[in-house]
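These notes are about the structure you will find just below.
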Amino acid sequence: MSQKCHKAIHWFRKGLRLHDNPAFIEACKDASELYPVFVLDPWFVTNANVGANRWRFLAQTLNDLDNNLKSLHLRLFVVRGNPEIELEKLCKKWEITKLTYEVDTEPYAVARDKCVDLKMDNLGVSVVKCISHTLFDIHKVVKVNGGKAPLTYQSFQTAAARMGPPAQAVASPTLQDLQGCRTPIADTHDKEFGVPTLKDLGICSEDLGPNLFQGGETEALERMERHLKKVNWICAFEKPKTEPNSLVPSTTVLSPYLKFGCLSARLLYHKIIQVYKGKKHSQPPVSLLGQVLWREFYYTVAAVTPNFDKMEGNPVCKQIPWQENSEHLDAWKMGRTGYPFIDAIMIQLRQEGWIHHLARHAVACFLTRGDLWISWEEGQKEFEKLLLDADWSLNAGNWMWLSASAFFHQYFRVYSPIAFGKKTDPNGDYIRKYLPVLNKFPAKFIFEPWKAPLTMQQAASCIIGKDYPKPIVDHDTVRQKNIQKMAAAYAKSKNGASNDVKDLATSKKRPSSDASNSPVKKKKKA
DNA sequence: ATTGCGTTGCAAAA
DNA sequence: TTTTGCAACGCAAT
């Protein structure tokens, strides 16, 4: 009953892998010809917020995908242009009858796919979509949560638990699975449809950092297996206890692979469960499995919250009067704040494209509610450009978390740009690596070199204010001011949420709570 | 309606 | 070394 009745395109977008790719399997079914396609939208090349390191990661990923397809006697077709238009052209050219792709819940993708679906409908091409980027059908999670986005990890976990375990990962197709289905390849394939080089993408080599994380499914699976072998480490893993400033990553760095779908989150999920089996192990939210669930949490909220990557018009986001300051923003971006821990992190980010989660916390807090009082949207843009793992839902969600705009509200917990890094790196080796200009300072002053006496600065060949900047703000001062500003913004949103007019005495509703919560009323009792 | 709790702060006081 | 001040939102359990 396997009639070869289809000529199919599988459209790769995320999900740049062959394992656990049910939509790709669907394309193989009953197909005489199969065309794996990746559409490179030139608009993205010129306008999107993608830095050189992530372009390289994507190019490596596409090359790896093409190589893995070759072993199935298939090839990847990279085409340039608007997906809607290019796919239509290809469907006509190749007489396609079936298009398959993986569901993508990001707003731009939803809109794009809607247009493509319409076009395919007009062409009489059947469209098959499968869920494999997330653990669950996240709209079902929302439904189970009473039709609204879960706003806490707990409520997400409750909803997720009601979903039952995520589906098992689907195996990669074999030559047998393909049953002789082939990709017709022209001699001109590489010229016409080859994976673009960095030169094609307009990437200058001076913008590239060291190639620490090779893109692609092959490396993703190897990296995963390497970590899964460390059974004790997996079972004991607690994210908050991993070090933000270790010289080799203290976590798995699977995030870039999950972002592009080089690695299936479901596969990782079930592999971790296997390692746990019969052993005592840490629990969500801090466990390794808990990290996969955090990803799912943000994907879920982001999919059903309008304007999730903005403050205005975003119903889950606290409205806070951030201020613009392009000098401070540039200093933060370029690692010139005068706080070595912050600057070292930003330089690692710029050079290498990955920083530890807690390092992200430190610099995000510094930019927003901690020190500079600049909008989290600015930080979000910079992370989007520089992070290999920049993932729309997670990036926006985490920036709101850190700026105490959503999910997290204890805004008086402010990371110290001096104390936080010292805990796990008292000698400042991390700072010395990324800010070699400070290398000759003794440990006592490496986190606050402006306090070193001038003779010591001279001995270190680094005069603060000349060879390395003075702090652009005084942390202790701005921290206190900013906590007060946060209190004011919170109070305003509370009042504004109900009614402006009622301020004076008439409101007898919840008098005790109003009084006790008011920041002005801070009196010691008795 | 009220209470308890939540992935990851810090520094001074006890 | 542990506790407390900073001043606290959303949700689930009671």
Side-chain angles (χ1 to χ4, degrees), chain A residues 145-146 148-159 161-162 236-245 250-251 282-298 301 305 315-320 341 355-366 368-371 394 397-398 400-424 447 475-498 509-525:
Chain A
N145 192 54
K148 42 192 201 328
L151 292 178
T152 65
Y153 190 83
Q154 265 194 348
S155 58
F156 168 76
Q157 261 193 302
T158 306
R162 287 210 258 160
F237 185 95
E238 290 184 36
K239 185 63 163 277
K241 291 188 180 162
T242 57
E243 300 187 1
N245 44 12
S250 60
T251 51
S282 52
Q283 294 291 330
V286 296
S287 64
L288 192 60
L289 197 74
Q291 307 312 303
V292 184
L293 295 173
W294 276 107
R295 172 180 183 272
E296 196 78 3
F297 166 65
Y298 285 124
V301 200
T305 306
V316 304
C317 184
K318 195 72 71 183
Q319 304 297 300
I320 296 168
F341 180 58
I355 52 178
H356 185 275
H357 185 63
L358 292 176
R360 300 179 197 203
H361 278 215
V363 297
C365 185
F366 189 90
T368 58
R369 67 186 167 86
D371 294 80
L394 280 61
N398 277 311
M400 281 188 269
W401 181 293
L402 259 298
S403 60
S405 300
F407 313 118
F408 171 85
H409 311 279
Q410 285 165 292
Y411 52 75
F412 43 87
R413 291 190 185 174
V414 177
Y415 287 85
S416 162
I418 297 151
F420 187 66
K422 274 188 190 170
K423 285 189 289 188
T424 48
F447 283 85
H475 175 70
D476 290 331
T477 309
V478 294
R479 176 188 159 275
Q480 294 202 359
K481 282 187 185 164
N482 290 346
I483 287 176
Q484 283 172 9
K485 286 193 220 170
M486 287 301 290
Y490 268 56
K492 195 176 172 191
S493 83
K494 208 179 210 175
N495 295 336
S498 55
K509 261 202 140 167
R510 302 166 34 165
S512 67
S513 103
D514 274 355
S516 67
N517 285 341
S518 166
V520 191
K521 289 252 140 74
K522 205 54 282 220
K523 286 277 121 71
K524 282 213 160 117
K525 21 168 111 175

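Small disclaimer: the values here were computed from a predicted structure and weren't measured. In what follows, every chain begins at residue 1, and chains take the letters A, B, ... in the order their sequences are listed.
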**Q.** side chain to side chain contact (heavy atoms under 4.5 Å, CB included) assessment of A/Ser403 paired with A/Ile320
**A.** CA-CA 10 Å; A/Ser403 60; A/Ile320 296 168; 5.8 Å; no
Q) Between A/Lys423 and B/dG9, is there a side-chain N or O to OP1/OP2 distance below 4.0 Å? A) no
Q. Just how far, in rounded Å, is P of C/dC6 from NE2 of A/His475?
A. 17 Å
Q: Can you tell me, in whole Å, how much space there is between the P of C/dA13 and that of B/dT7?
A: 14 Å
Q) Between A/Trp294, A/Tyr411, A/Tyr298, which is the residue that forms a ring pair (Phe, Tyr, Trp, His ring centres under 6.0 Å) with A/Trp401? A) A/Trp294
(Q) Within the 4.5 Å heavy-atom criterion, are A/Leu293 and A/Pro285 side-chain neighbours or not? (A) no
Q) Roughly, in whole Å, what's the span from NE2 in A/His409 to C1' in B/dC5? A) 13 Å
**Q.** Nucleotide B/dT7, atom C1' - distance to CG of A/Leu288 in whole Å
**A.** 13 Å
Q.
Side chains of A/His357 and A/Thr251 only: does a donor on one sit below 3.5 Å from an acceptor on the other?
A. no
Q. Is A/Tyr153 touching bases, backbone alone, or none of the nucleic acid, heavy atoms closer than 4.0 Å?
A. sugar-phosphate
Q. B/dG4 and C/dT4: how far apart are their P atoms, nearest whole angstrom?
A. 16 Å
Q | Of the listed nucleotides C/dA12, B/dT8, B/dG9, the one nearest the side chain of A/Ser155 | A | C/dA12
Q. Under 4.0 angstrom, heavy atoms only, what part of the nucleic acid is A/Leu151 near: base, sugar-phosphate, or nothing?
A. sugar-phosphate
Q. Which whole-number value in Å describes the distance from A/Ile483 CD1 to C/dA7 P?
A. 7 Å
(Q) Rounded to whole Å, please give me the gap between CG in A/Asn145 and P in C/dG10. (A) 15 Å
Q) Which nucleotide in the list B/dC10, B/dT8, C/dC9 gets nearest to the side chain of A/Lys239? A) B/dT8
Q. Considering only B/dG6, B/dG9, C/dC9, which nucleotide approaches the side chain of A/Phe412 most closely?
A. B/dG9
Q | Integer-rounded Å distance: B/dG9 P and A/Ile418 CD1 | A | 18 Å
Q) Taking only N and O in the side chain of A/Tyr411, is any of them less than 4.0 Å away from OP1 or OP2 of C/dA8? A) yes
Q) Got A/Tyr415 and A/Val363 here, is their nearest side-chain heavy-atom distance under 4.5 Å? A) no
Q.
Just N and O in the side chain of A/Arg413: are any of them under 4.0 Å from OP1 or OP2 of B/dT8?
A. yes
**Q.** Heavy atoms of other groups near A/Gln319 CD, more than 12 under 6.0 Å
**A.** yes
**Q.** Selected nucleotide, minimal atom distance to A/Gln410 side chain, candidates C/dA8, C/dC9, B/dC10
**A.** C/dA8
Q. Among the nucleotides C/dC9, B/dT8, B/dG6, which one has an atom lying closest to any side-chain atom of A/Pro240?
A. B/dT8
Q.
Using a 4.0 Å heavy-atom cut-off, does A/Phe408 contact any base of the nucleic acid, only the sugar-phosphate backbone, or nothing at all?
A. nothing
Q) Are A/Phe407 and A/Phe297 close enough, and set up right, to give a ring-ring contact (aromatic ring centres under 6.0 Å, His included), and what steps lead you there? A) CA-CA 11 Å; A/Phe407 313 118; A/Phe297 166 65; 5.5 Å; yes
Q. Which dot-bracket string fits DNA chain C when only Watson-Crick or G-U wobble pairs with both atom distances under 3.5 Å count, crossing pairs get [ ], and | stands for a partner on a different strand?
A. ||||||..||||||
Q: Among B/dC10, B/dT7, C/dC9, find the nucleotide with the atom closest to the side chain of A/Val286.
A: B/dT7
Q. Which part of the nucleic acid, if any, lies within reach of A/Lys148 when heavy atoms closer than 4.0 Å are counted: base, sugar-phosphate only, or nothing?
A. nothing
Q.
If I take atom NZ in residue A/Lys241 and atom P in nucleotide B/dT7, what distance separates them, rounded to the nearest angstrom?
A. 15 Å
Q | Pair A/Thr152-A/Ser155, side-chain donor/acceptor within less than 3.5 Å | A | yes
(Q) Using side-chain heavy atoms (C-beta onward) and a distance below 4.5 Å, is A/Arg369 in contact with A/Asn482? (A) no
Q: With the side chain of A/Gln291 defined as its heavy atoms from C-beta on, choose the nearest nucleotide among B/dT7, B/dA11, B/dG9.
A: B/dT7
**Q.** Integer-rounded Å distance: B/dT8 P and A/Leu358 CG
**A.** 10 Å
Q.
Heavy atoms from C-beta onward define the side chain here; which of C/dC11, B/dT7, B/dG9 lies closest to that of A/Pro285?
A. B/dT7
